[in-house]
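Just so it is clear, the model here is predicted, and its values are computed rather than measured. Throughout, numbering of the chain's residues begins at 1 and tracks the sequence.
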Amino acid sequence: MRFSTDFRNLRRPFGNLLHLRVLGMMPFSENTRERCSLTLHHIDGIEMQEKRKTRGLRHLALRVRDVQVSQRFYERLFDMKVVWQPDPENVYLSTGYDNLALHQVTSEELSQFNLSQVHPLDHLGFIMESPSSVDALFSEATEQGATIVKPLKQHRDGSYSFYLSDPDLNTIQVLFEPSIQL
């Protein structure tokens, strides 16, 4: 399979598949349902399939009030880098593994854009390498004045996390999960 980030060759036959192709996450293949091979894994005694239809949930698109404010937030705290900014209302960020699209809410929609605590997205998460990396990001987020939604917590399953909110009140879990191998 060949992956491409050559934007001149992009086609938009299936709407949001453009996001996946732009960010190098979907193979440029006429058969978009082609399965990707993976090695056999065991996670907590559960045998995972050797072949999967996807390579994982590695892309998220958020509608935001101010693309530049949100871009700086994700760059500063999560080391995301701009991979494409087609116009001032849209920016695509990546860690090289996970990808985030930020889309400006239109001026017509802005008055109806409700930042309530009742949100259809419960939270998104960033997986961390170790408990100490969670602690370090917690300190950095606190120093930068980010809103902490839930403080640091050692969970019964051995995971360790805290929650914060981005400028548009999307809740983000920063999580060390021992069963996830990076």
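In this structure, Gln104 contributes its side chain and Arg65 its backbone to a donor-acceptor pair below 3.5 Å.
Residue Met128 comes nearest to Phe176 through the heavy atom pair O-CD1, 3.7 Å, listed as atom of the first residue, atom of the second, then distance. The shortest heavy-atom contact between Glu75 and Val82 is OE2-CG2, 3.5 Å. When all heavy atoms of Arg58 and Tyr97 are compared, the closest pair comes out as NH2-OH, 2.6 Å.
Side-chain contact between Leu164 and Leu137 is absent, with no heavy atoms from C-beta onward closer than 4.5 Å.
Ser70 and Asp166 share no side-chain donor-acceptor pair at under 3.5 Å.
Note on ring orientation: taking the six-membered ring where Trp is involved, the planes of Phe138 and Phe162 are perpendicular (angle over 60°, cut-offs 30° and 60°).
Listed by chain and number, the residues in a salt bridge (Lys or Arg N to Asp or Glu O under 4.0 Å) with Glu140 amount to none (sequence neighbours excluded). For Gln173, the side chain to side chain contact (heavy atoms under 4.5 Å, CB included) partners are His123, His155, Ser161, Tyr163, Leu175, not counting sequence neighbours. Pro86 meets the side chain to side chain contact (heavy atoms under 4.5 Å, CB included) test with Trp84, Asn90, Tyr92; sequence neighbours excluded.
Hydrophobic clustering places Val174 together with Leu124 (ILVMFWY residues linked when any side-chain heavy atoms are closer than 4.5 Å, directly or through intermediates).
Here OH of Tyr160 is found 3.5 Å from CG of Asp135. Values are rounded to the nearest 0.5 Å.
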